[in-house]
Colleague: 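Structure incoming, see below.
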Amino acid sequence: MKNLDNKEWKQGFESNSNSEIIDVRTPSEFAEGYIPNAKLINIQNPSEFTSSVEQLDKDKSYYIYCRSGRRSEMACQVMENMGFKDVNNLATGIIEWDGSIEK
């Protein structure tokens, strides 16, 4: 797992055509705004999180975020334990995000 700042996270995602963005916040947080193209997988629902992550391609790169970086760091650790090789945490979370946000 890599803990990345805004710039590193954004550059990494944009330069990798085999990557996905995952938002691990709750559905209500997601509805307030999210990073474009993010897929919501709520880590606060452990069984749903695990079953959703099990369906992901382990050969892809994943760029993961939450509100402040703590839940996404936990999600990265869980995903690594499940065999994912390239997981990247937005260490500052969406609260410090300087890119575009969809609502």
Side-chain angles (χ1 to χ4, degrees):
M1 171 185 66
K2 294 180 221 103
N3 280 307
L4 306 174
D5 64 23
N6 272 319
K7 184 178 179 184
E8 296 167 321
W9 195 88
K10 192 185 309 181
Q11 285 176 340
F13 175 74
E14 290 174 349
S15 67
N16 186 341
S17 62
N18 194 31
S19 62
E20 287 188 32
I21 298 175
I22 298 175
D23 183 325
V24 296
R25 299 176 300 157
T26 65
S28 61
E29 288 174 304
F30 188 80
E32 293 172 6
Y34 54 92
I35 295 173
N37 302 310
K39 176 179 183 173
L40 177 63
I41 305 178
N42 180 7
I43 194 162
Q44 291 184 319
N45 183 336
S47 61
E48 178 186 307
F49 180 81
T50 302
S51 65
S52 294
V53 168
E54 285 174 342
Q55 297 174 34
L56 298 174
D57 182 349
K58 289 187 171 133
D59 293 326
K60 285 190 171 188
S61 298
Y62 293 94
Y63 289 79
I64 302 165
Y65 73 94
C66 64
R67 183 180 167 277
S68 67
R70 295 201 185 273
R71 285 177 282 174
S72 52
E73 183 174 15
M74 184 170 58
C76 287
Q77 291 170 348
V78 168
M79 289 176 73
E80 280 186 333
N81 289 340
M82 293 172 74
F84 289 82
K85 306 274 187 272
D86 190 12
V87 289
N88 303 277
N89 179 39
L90 180 57
T92 57
I94 197 170
I95 57 174
E96 304 258 340
W97 179 245
D98 62 2
S100 60
I101 293 182
E102 292 185 19
K103 292 188 178 192

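None of the values given here were measured: they were computed from a predicted structure.
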Colleague: Which residue is it: Val87, Asn16, Asn18? I am looking for the one with a side-chain contact (heavy atoms from CB on, under 4.5 Å) to Ser61.
Modeller: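 Testing Ser61 for a side-chain contact (heavy atoms from CB on, under 4.5 Å) against Val87, Asn16, Asn18 leaves exactly one candidate, Asn16.
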
Colleague: Asp5 vs Lys7, test: salt bridge (charged side-chain N to carboxylate O under 4.0 Å, His left out). Steps then yes/no.
Modeller: CA-CA 6 Å; Asp5 64 23; Lys7 184 178 179 184; over 6 Å; no

Colleague: Determine, using the 4.5 Å side-chain heavy-atom cutoff (strictly less than), whether Tyr62 and Ile43 are members of one ILVMFWY cluster.
Modeller: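 Per the 4.5 Å side-chain linkage, Tyr62 and Ile43 are co-clustered.
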
Colleague: Looking at every heavy atom in both Ile94 and Gly33, which two are closest together, and how far apart are they?
Modeller: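 Closest approach of Ile94 to Gly33, heavy atoms only: CD1-O, 3.9 Å.
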
Colleague: For Tyr63 and Ser19, indicate whether the former's side chain and the latter's backbone hold a donor-acceptor pair under 3.5 Å.
Modeller: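 No, Tyr63 side chain to Ser19 backbone: no donor-acceptor pair under 3.5 Å.
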
Colleague: Could you grab the distance from atom CG of Leu56 to atom NZ of Lys39, nearest 0.5 Å is fine?
Modeller: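 Between Leu56 CG and Lys39 NZ, I get 5.0 Å after rounding to 0.5 Å.
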
Colleague: So, taking the atom named NZ in Lys10 and the one named OG in Ser100, what distance separates them when rounded to the nearest 0.5 Å?
Modeller: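 Spacing of NZ (Lys10) from OG (Ser100) equals 7.5 Å.
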
Colleague: Are Ile64 and Leu40 joined in one hydrophobic group, where the rule is that I, L, V, M, F, W and Y side chains link up if heavy atoms are under 4.5 Å apart?
Modeller: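 No, because Ile64 and Leu40 fall into different hydrophobic clusters, even though each may have its own neighbours under 4.5 Å.
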
Colleague: Between Lys85 and Asp59, is there a side-chain N and carboxylate O pair less than 4.0 Å apart?
Modeller: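 The answer is no: the pair does not qualify as a salt bridge.
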
Colleague: Within the side chain of Glu29, is there an N or O that forms a donor-acceptor pair under 3.5 Å with the backbone of Thr26?
Modeller: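 Answer holds: yes.
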
Colleague: Between Thr50 (side chain only) and Ser47 (backbone N and O only), is there a donor and an acceptor less than 3.5 Å apart?
Modeller: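 Pair absent, no side-chain N/O of Thr50 close to backbone of Ser47.
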
Colleague: Is there a path from Val53 to Phe30 through hydrophobic residues (I, L, V, M, F, W, Y) whose side chains come within less than 4.5 Å of each other?
Modeller: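 No, Val53 does not connect to Phe30 through the hydrophobic network.
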
Colleague: So, Asn88 versus Lys2: side-chain donor-acceptor pair below 3.5 Å or not?
Modeller: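 Asn88 vs Lys2: donor-acceptor pair found between side chains.
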
Colleague: Shortest non-hydrogen contact from Leu90 to Ser72?
Modeller: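 Looking at all heavy atoms of both residues, the shortest contact is O-OG, 4.1 Å.
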
Colleague: Between Tyr65 and Trp97, is a side chain to side chain contact (heavy atoms under 4.5 Å, CB included) present by the stated rule, with each step listed?
Modeller: CA-CA 10 Å; Tyr65 73 94; Trp97 179 245; over 6 Å; no

